[in-house]
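Report on the structure given below.
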Amino acid sequence: IPPSLAAVGATALMAGWLTIAGYIPIPVSVVVVAVCGWLWFGKLHQRPAHEILPALVVWWWRRLRSRNRWYRPVALVTDGQQPAALPAMLAGLELFEIDVAWLTPGSDVAIGVVRDRQAGSLTAVLKVCGDGQFGLVDPATQDMRIDEWGAAIAGFAREHSPVTRVTFHDWTSPVPIRNTVAQLEAQWADEAEHPARADYLQLLRDTSASVVDHEVLIEVTVDLHRVTKSRGESTLSCGLRVVAEQARLFAGRLNAAGLRVEAVLSAHDLVTATRVRSDPSVVEQLATLSSSLAAATGASAPAFGPMYVDDQLSSVSVDSAQHRSWWFARWPRREVAASWLDSLMFESGCTRSLTTVFEPVAPSRSDSDVDRERTQREANIETRRRKGFIVRRADEKAVTEVESREVELSCGYVECLYTGLLTLTAATIGQLDVQAADLEQAAANVGIELQPLWGRQGDGWVASLPLGRTLARRIGER
């Protein structure tokens with residue numbers, strides 16, 4: 001039972017008990033029970049009222065106290081280094097940098113690690129790309145590649161694994177075609193001129209004014225409560241060592257699965273990625289900053305947090321950008337092909353981040369969950385038959401699905417809890433509304449029901465950033 005639903009039931013029972021004991025009058029108890037009944041069975045914004053109402057109450061309380069709008073304080077006179085000012089949804093995040101020797105043989109390379117003090121976790125971020133052939137191979141080969149990628153995640157689903165979460169961020173944004181042409185020209189600068197190459201570059205210039213740029217980042221999150229430290233070693237230093245080692249092992253499995261790990265993001269890369277996703281208009285500004293006088297003095301890293309955040313009910317403003325986030329309330333109910341997300345992933349003309357959160361489940365927990373769920377569902381069917389109620393097809397299908405899970409677990413497969421999030425970014429609210437309608441339609445075409453994160457748009461924006469913070473545990477799991 002969800003905690004919010006349990007709280008509603010407990011309130012109704014308490015009101016009834018207080019009425020019987022004579023502490024409150026009957027009319028008050030009737031009103032309380034009626035409100036609890038609406039919270040239990042009613043819906044608000046097409047979602048159960050007991051789920052969405054707490055978030056709305058918190059949002060309205062913050063609005064009444066003028067806490068939903070944040071500006072970064074700027075000190076005119078400073079004495080020494082000032083701590084970074086962050087909005088409430090980024091509070092508790094710290095950025096570290098450690099050196100590892102496995103990225104480049106013979107030399108140490110610095111990688112960035114994000115510490116979340118609220119969750120007690122550390123996160124490293126890998127930049128990954130494919131070979132560009134997935135859409136060209138036959139469906140059987142696509143299924144085989146998906147299975148290999150799943151096996152890379154399955155390596156974390158073991159007893160006492162320190163890794164609690166693996167998060168995929170697929171960020172897309174339209175970029176001018178001249179940027180792509182410039183990258184290709186730089187890549188081919190050392191090669192001999194060829195007429196076919198020149199014709200290809202000219203074809204790119206003539207075909208379109210912009211192309212859609214994809215960037216995939218994968219987070220590996222380690223729970224500090226699960227690491228085993230040596231004598232005399234601090235929890236933080238042990239966690240940094242463990243998250244670097246888990247990133248190395250995961251990178252090896254991804255490379256073996258046909259993906260290519262281009263880099264593990266440094267602290268500067270993490271800050272840049274966060275700023276660009278928060279406000280895509282700063283791309284040219286960051287490029288100018290990296291080549292300016294500030295770069296020569298070592299001060300080219302942009303500020304970690306934004307300058308301005310306004311958390312509204314259905315969107316959030318971050319600097320000059322508008323963001324709106326949804327969560328996947330329903331996934332396809334039938335079997336789908338490996339390329340079933342293509343129409344959503346390649347929706348052109350908008351800047352969006354598709355986030356998929358996987359939480360590996362230990363085999364012992366999977367076995368106990370399956371046993372408990374099968375017992376509950378079979379007992380429910382037996383009770384309905386004994387009392388003469390109709391047994392729905394949905395109940396029988398649920399039992400069949402649990403039996404299939406049990407067979408898969410006995411064959412050696414592992415389970416992951418998963419949640420999908422989608423964040424759309426636009427320059428104005430008008431553009432955001434138009435593109436949101438197109439994006440919701442594209443999701444419906446592939447069998448996904450999107451539900452806005454009412455009152456939690458700021459948290460949804462943070463969940464789309466490569467910072468190791470998520471909403472998965474609070475909006476749905478499996």
Side-chain angles (χ1 to χ4, degrees), residues 42-49 51-53 55-56 59 89 135 167-175 210-216 277-280 310-318 320-358 418-465 470-472 474-478:
K43 287 193 174 184
L44 193 63
H45 291 297
Q46 301 180 353
R47 287 180 59 189
E51 289 185 2
I52 190 173
L53 192 61
L56 294 180
W59 184 86
M89 58 279 296
T167 305
F168 287 70
H169 298 282
D170 175 41
W171 184 74
T172 64
S173 179
V175 296
S210 63
V211 295
V212 178
D213 184 27
H214 281 258
E215 184 178 57
V216 178
R277 284 159 174 74
S278 299
D279 185 4
D310 186 6
D311 190 5
Q312 297 296 321
L313 186 63
S314 60
S315 64
V316 57
S317 301
V318 183
S320 63
Q322 309 291 329
H323 303 268
R324 181 171 298 165
S325 298
W326 299 260
W327 70 287
F328 289 18
R330 181 175 298 172
W331 296 78
R333 295 185 175 183
R334 58 182 180 179
E335 293 186 2
V336 293
S339 58
W340 67 281
L341 267 177
D342 283 358
S343 60
L344 178 60
M345 294 183 65
F346 299 109
E347 176 71 20
S348 60
C350 65
T351 300
R352 62 110 186 104
S353 180
L354 177 61
T355 302
T356 310
V357 183
F358 295 95
Y418 56 89
T419 297
L421 300 168
L422 188 63
T423 300
L424 177 66
T425 304
T428 64
I429 287 293
Q431 293 179 3
L432 191 68
D433 292 337
V434 172
Q435 294 177 1
D438 296 338
L439 208 57
E440 289 177 345
Q441 183 61 52
N445 291 339
V446 298
I448 294 176
E449 179 185 346
L450 295 178
Q451 287 288 347
L453 291 172
W454 297 105
R456 311 213 41 197
Q457 291 294 326
D459 295 330
W461 156 64
V462 174
S464 70
L465 305 177
T470 183
L471 287 168
R474 286 167 278 180
I475 59 173
E477 292 181 346
R478 197 179 300 278

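Quantities reported herein were computed from a predicted structural model and do not represent experimental measurements. Residue indices begin at 1 and follow the sequence shown.
- A donor-acceptor contact under 3.5 angstrom links the side chains of S320 and D279, judged on distance only.
- When R277, H323, Q322 are each tested for a side-chain hydrogen bond (donor to acceptor under 3.5 Å, both in side chains) with T425, only one passes: H323.
- Between the side chain of T428 and the backbone N or O of Q431 there is at least one donor-acceptor pair closer than 3.5 Å.
- Among L424, D438, V434, the single residue meeting the side-chain contact (heavy atoms from CB on, under 4.5 Å) criterion with C350 is L424.
- Applying the side-chain contact (heavy atoms from CB on, under 4.5 Å) test to A329 and every residue at least two apart in sequence or in another chain returns W327, E449, Q451.
- A distance-only check finds no donor-acceptor pair linking the side chain of S315 to the backbone of Q312 [under 3.5 Å].
- With a 4.5 Å cut-off on side-chain heavy atoms, S314 and R324 count as touching.
- At distances below 3.5 Å, at least one donor-acceptor pair connects side-chain atoms of R352 with backbone N or O atoms of M345.
- Look at D311 and R456 and you find no salt bridge, because none of the NZ, NE, NH1 or NH2 atoms lies under 4.0 Å from a carboxylate O.
- You'll find the side chain of L422 reaches within 4.5 Å of the side chain of L439, heavy atoms only.
- Residues passing the side chain to side chain donor-acceptor pair (under 3.5 Å) test with S173 are T351, sequence neighbours excluded.
- With contacts defined as side-chain heavy-atom distances shorter than 4.5 Å, the pair F358/T167 does not qualify.
- Screening S325, S317, S278, S353 for a side-chain hydrogen bond (donor to acceptor under 3.5 Å, both in side chains) involving W461 leaves a single residue, S278.
- Minimum heavy-atom separation, I448 to F328: CD1-CE2, 3.5 Å.
- Residue D170 holds its CG atom at 8.5 Å from OG1 of T356, rounded to the nearest 0.5 Å.
- Note that the CH2 atom of W340 and the CH2 atom of W331 stand 5.5 Å from one another [nearest 0.5 Å].
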Please report the C-alpha distance between L313 and L56 in whole Å, then the side-chain angles of each, then the deciding distance to 0.1 Å, and finally whether the side chain to side chain contact (heavy atoms under 4.5 Å, CB included) criterion is met.
CA-CA 8 Å; L313 186 63; L56 294 180; 3.5 Å; yes

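- Considering OG1 of T355 and NE2 of H169, their distance stands at 5.0 Å, rounded to 0.5 Å.
- Between the CG atom in L450 and the CG atom in L421 there is a gap of 10.0 Å [rounded to 0.5 Å].
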